[in-house]
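The analysis underlying the following values was restricted to heavy atoms, covering all of them including side chains, and did not include hydrogens, waters or symmetry mates.
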Amino acid sequence: QVEVVESGGDLVQPGGSLRLSCVVSKFSLDYNGITWFRQAPGKERDGVACVSASGDFINYGDSLKGRSAISRDMAKSTVHLQMNNLSPQDSAVYYCAASGGSRFSCSLNSKDMTYWGKGTAVTVST
């Protein structure tokens with residue numbers, strides 16, 4: 001059974017950093033792009049960052065551009081999202097999702113995703 005499991009969400013002070021992790025099983029990162037999304041209460045789900053199955057195409061949404069980095073650990077079937085200089089506006093549930101399609105691109109559109117995790121909560125507050 002395919003699994004996508006996020007972890008690393010926490011309460012962090014403004015200006016702080018967090019690294020989220022997404023572990024996948026029963027499918028390969030070699031053939032699936034991975035996208036991180038976030039959704040705050042009352043708002044739409046927003047694509048934050050994605051990495052292609054080939055690993056050499058990365059794209060960032062506007063919300064965390066310049067303050068985040070997505071990376072993969074293929075040996076551990078894990079995709080990380082490093083987030084820096086966080087503000088209260090970054091508080092949300094962060095989701096990891098997998099998509100098929102071209103190995104050489106990735107999508108920030110939730111409609112293109114095939115598998116979803118259940119999310120991990122990030123709260124930025126004093």
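Counting only residues at least two apart or on different chains, no ring-ring contact (aromatic ring centres under 6.0 Å, His included) pair has a member in residues 43-82. Within the structure, salt bridge (Lys or Arg N to Asp or Glu O under 4.0 Å) contacts touching residues 8-25 (residues at least two apart or in different chains) do not occur. For residues 36-52, the pairs satisfying salt bridge (Lys or Arg N to Asp or Glu O under 4.0 Å) are Arg38-Asp90, with sequence neighbours left out. Among residues at least two apart or in separate chains, disulfide (SG to SG under 2.5 Å) pairs with a member in residues 24-67 are Cys50-Cys106.
Expressed to the nearest 0.5 Å, how far CD1 of Ile58 lies from OG of Ser68 amounts to 10.0 Å. Taking OG of Ser54 as the reference point, atom CZ of Phe104 lies at 5.5 Å (rounded to 0.5 Å). Between atom OH of residue Tyr94 and atom CG of residue Leu64 there is a gap of 5.0 Å, rounded to the nearest 0.5 Å. In this structure, the separation between CZ on Arg67 and OG on Ser17 is 10.0 Å, given to the nearest 0.5 Å. A distance of 10.0 Å separates SG in Cys96 from CE in Met113, rounded to the nearest 0.5 Å.
Both Val93 and Phe37 are part of a single hydrophobic cluster, where members link through side-chain heavy atoms under 4.5 Å apart.
A search for side chain to side chain donor-acceptor pair (under 3.5 Å) contacts involving Glu3 returns nothing, not counting sequence neighbours. For Ser77, the side chain to side chain donor-acceptor pair (under 3.5 Å) test picks out no residue, with sequence neighbours left out. Applying the salt bridge (charged side-chain N to carboxylate O under 4.0 Å, His left out) criterion to Lys65, with sequence neighbours excluded, gives Asp62.
Residues Ser105 and Ser52 share a closest heavy-atom pair of O-CB, 3.4 Å.
Leu20 has its side chain out of reach of Glu6: every pair of non-hydrogen atoms, C-beta onward, lies at least 4.5 Å apart. Between Ser71 and Asp73, every side-chain heavy-atom pair lies at or beyond the 4.5 Å cut-off.
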Sequence neighbours left out, cut at 3.5 Å: what donor-acceptor pairs do the side chains of residues 28-36 make with other protein atoms?
unit_1	atom_1	unit_2	atom_2	d
Ser28	OG	Asp30	N	2.9
Asn32	ND2	Ser28	O	3.1
Thr35	OG1	Ser107	O	2.6

Which atom pairs, donor and acceptor, lie under 3.5 Å between side-chain atoms of residues 114-126 and protein residues at least two apart or in another chain?
unit_1	atom_1	unit_2	atom_2	d
Thr120	OG1	Gly9	N	2.9

